[in-house]
There are 2 protein chains.
Amino acid sequence: MGDEDGISVQATATTFAVIEALRDRNHAGVTELASELDLSKSAVHNHLSTLVALGYVCRTSGSYQLTHEFLRLGLATRERNPIYDAAKSDLRTLAETTGEIVNLVVPEADHGVYLYRVGDGAHPIPEGGQVSLHASAAGKSILAFRDYDAVDAYVDTHGLPSLTERTVTDPATLRSQLRSIRDQRVSFDRGEQTPDWQCVASPIVVEDEPVAAISVSGPADRMRGKRLEEDVTGLVVSTAKAIELELLDSSTGEA
Amino acid sequence: MGDEDGISVQATATTFAVIEALRDRNHAGVTELASELDLSKSAVHNHLSTLVALGYVCRTSGSYQLTHEFLRLGLATRERNPIYDAAKSDLRTLAETTGEIVNLVVPEADHGVYLYRVGDGAHPIPEGGQVSLHASAAGKSILAFRDYDAVDAYVDTHGLPSLTERTVTDPATLRSQLRSIRDQRVSFDRGEQTPDWQCVASPIVVEDEPVAAISVSGPADRMRGKRLEEDVTGLVVSTAKAIELELLDSSTGEA
DNA sequence: AGCGGTGTTCACTGATGGAGAACAACAGTT
DNA sequence: AACTGTTGTTCTCCATCAGTGAACACCGCT
């Protein structure tokens, strides 16, 4: 039962608190974690030794760290989605041609996830990380292909929190952007999520459902003017279309 | 405290049983999991709703599945290891030149883990999966650079279980193989782990510690004779050496 | 050796996770 | 449109168990 936040198994919540703390600091000791998480040393010790027994944590040189069992879990969540296999090679060539970072974003419970990334250089959000649907090129191109009501519901529950001064915070403006994105199959992000970071994205739609979006992104000074608006844009849209077809082929061809 | 298997937090064990069941069947319902795991529906429900609240599971179309938070955790465990960045690009070119599957294997608590893989086609063990040190080319090349005592300890605790009829099960034979691997910096696997599957591997050693191994692997009919013994072998060894140097540069250069 | 700092163990107990049955919400069938 | 078999959800109650806090063991230091 517990409080009305849905967490009925407290122990599990603590376990994941430990896991996340371990992820954030790569490796840590019992006392360190105990003081960070406001738990007794023995509690932390119990959770850690359980995780060790299960194979999700291991001790190396006197310090605990997450094992690669999480890599196995994580890659499994990626590979169960057919879009991954369909998009992989196209994204690589897109990254080579543009020389920029290329992302594959999929929707998941009212946010987007960076499922796969190609290309060198830093990115404001790590691969596997989440992105809000209203404040990113990829997110908006997914939102654009959802029902009118679904967008309403999204705005109602989440609002349009501004992440930078350029984030779209007005519902009407968002609506009009979404309409044009739906027409053009392209969406842009000029610093709406991260200052000085720009994106071009195009959705992948199967049976009227937006199943993913691909995006090319880079620092503002490299993704400027004609290069952003035309050169890259064309490539992104055509690549998205190509992936869409590949996805259709693989689903019908193998049935 | 519970039995003497080290699991002191039962709830955490059940949670991960649920998680692993979800991974294995991609998505599932409450009753299905309950009967599979021999738990009451309410117990499973509690764990699932907790995981949902924590963001590690989500409901889609009436069925529960793992979210990509696990991808974030998993990729984090990969990226904390400097070998990953150092090896990535060299492995890609190696995969292109050979046309075969290329693996990066790192040691972790008495087994190896496929940390990264490049190349198309099926592989007996998934990326992120584990491999025993005595029955794989990569594993043996890691074992070869461990202390004499460490190898003893390994054999004592694990024995040399045979996975195929060609697995090395005799400690003396293993010793002699390890010696020559240490000299040549190459190890071979001709169906020792999976029937009709062959491998060439070379270790990456830093300060006398084997931190990883790279391997090229493929079905026996493609990795035969001179191609295996000479062409590929040379490339694997030189690539490993290159990665080793790159690793040294990055650690000294950035300090 | 002694000392600060670890990680580990121990017994106790109040909170809590789990069984089981009753309830609700569906989907498919006739 | 009612029915039926199934699934997910809620509920209550009790035994279990996770967590506290202190004592213990184990380092690496100087």
Side-chain angles (χ1 to χ4, degrees), chain A residues 1-22 24-67 109 153, chain B residues 1-22 24-67 109 149-150 153 207 209:
Chain A
M1 288 175 220
D3 304 354
E4 254 325 308
D5 51 2
I7 294 185
S8 40
V9 187
Q10 245 322 38
T12 297
T14 348
T15 287
F16 273 97
V18 171
I19 289 172
E20 285 169 13
L22 280 180
D24 292 340
R25 49 201 77 204
N26 278 354
H27 57 89
V30 176
T31 339
E32 185 181 354
L33 292 172
S35 74
E36 169 67 26
L37 303 171
D38 273 312
L39 292 171
S40 66
K41 280 199 294 178
S42 58
V44 173
H45 180 76
N46 283 341
H47 284 272
L48 283 175
S49 59
T50 303
L51 287 169
V52 169
L54 294 173
Y56 287 94
V57 162
C58 70
R59 283 193 71 166
T60 326
S61 62
S63 178
Y64 291 93
Q65 64 176 24
L66 301 181
T67 71
Chain B
M1 262 172 256
D3 303 352
E4 254 325 306
D5 50 1
I7 294 185
S8 41
V9 187
Q10 246 324 81
T12 297
T14 354
T15 287
F16 273 96
V18 170
I19 289 172
E20 284 168 14
L22 278 180
D24 292 340
R25 49 202 77 205
N26 277 352
H27 57 89
V30 176
T31 10
E32 185 181 354
L33 292 171
S35 74
E36 169 68 25
L37 303 171
D38 273 313
L39 293 170
S40 68
K41 281 199 292 177
S42 59
V44 173
H45 182 77
N46 283 342
H47 284 272
L48 283 175
S49 58
T50 302
L51 287 169
V52 169
L54 295 173
Y56 287 94
V57 163
C58 71
R59 284 193 70 169
T60 327
S61 63
S63 180
Y64 291 92
Q65 63 176 23
L66 301 181
T67 70
D149 299 344
E207 292 169 8
E209 282 292 319

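Reminder, nothing fancy here: chain letters follow the sequence lines and each chain counts from 1.
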For B:Tyr64 and B:Leu22, which heavy atoms make the closest approach, and how far apart are they? O-CD2, 3.5 Å
Nucleotide C:dG7, atom P - distance to CG of A:Leu48 in whole Å: 9 Å
Can you list, pair by pair, the side-chain donor-acceptor contacts under 3.5 Å of residues 10-21 of chain A, counting residues two or more places apart and other chains?
residue : atom : partner : partner atom : Å
A:Thr12 : OG1  : B:Thr15 : OG1          : 2.6
A:Thr14 : OG1  : A:Gln10 : O            : 2.8
A:Thr14 : OG1  : A:Ala11 : O            : 3.3
A:Thr15 : OG1  : A:Ala11 : O            : 3.2
A:Thr15 : OG1  : A:His47 : ND1          : 2.7
A:Thr15 : OG1  : B:Thr12 : OG1          : 2.6
A:Glu20 : OE2  : B:Tyr56 : OH           : 2.5

State whether A:Ser49 places a side-chain N or O below 4.0 Å from either non-bridging phosphate oxygen (OP1 or OP2) of C:dT8. no
Side-chain N or O of B:Thr14 less than 4.0 angstrom from OP1 or OP2 on C:dG18? yes
Starting from P on D:dG19, measure out to CD on B:Gln10 and report it in whole angstrom. 13 Å
State, to the nearest 10°, the angle formed by the axis through the first five base pairs of the helix from C:dA1-D:dT30 to C:dT30-D:dA1 and the axis through its last five. 50°
Pairing donors with acceptors under 3.5 angstrom, does anything connect the side chains of B:Ser40 and B:Ser42? yes
May I have the distance from B:Asn46 (atom CG) to D:dT9 (atom C1'), rounded to whole angstrom? 10 Å
Expressed in angstrom and rounded to an integer, what is the separation of B:His27 atom NE2 from D:dT7 atom C1'? 15 Å
Distance test, side-chain N/O of B:Tyr64 to OP1/OP2 of D:dT7, below 4.0 Å: no
Can you measure A:Ile7 atom CD1 to C:dG17 atom P for me and round it to whole angstrom units? 10 Å
Exercise: identify the closest heavy-atom pair between A:Val44 and A:Val30: CG1-O, 4.0 Å
Neighbours of DNA chain D within residues 35-45 of chain A, by heavy-atom distance under 4.0 Å: A:Ser40, A:Ser42, A:Ala43
Taking the side chain as everything from C-beta on, heavy atoms only, tell me whether A:Thr31 gets closer than 4.5 Å to A:Lys41. yes
Looking at A:Arg59, does any N or O in its side chain come under 4.0 Å of the phosphate oxygens OP1/OP2 on C:dT8? yes
Is there a side-chain contact between A:Leu39 and A:Leu33, using heavy atoms and a 4.5 Å cut-off? no
Please report the closest heavy-atom contact between B:Ser49 and A:Ser8, naming both atoms and the distance. OG-OG, 3.6 Å
Please compare A:Ala11 and A:Gly29 by the position of their nearest nucleotide in DNA chain C and report the one closer to 5'. A:Gly29
Check the distance between D:dC17's C1' and A:His47's NE2 and give it to me in whole angstrom. 11 Å
Looking only at heavy atoms, the pair that brings A:Ile7 and B:Ala53 closest together is CG1-CB, 3.7 Å
Between A:Ala109 and B:Cys58, the two heavy atoms sitting closest are CB-CB, 4.4 Å
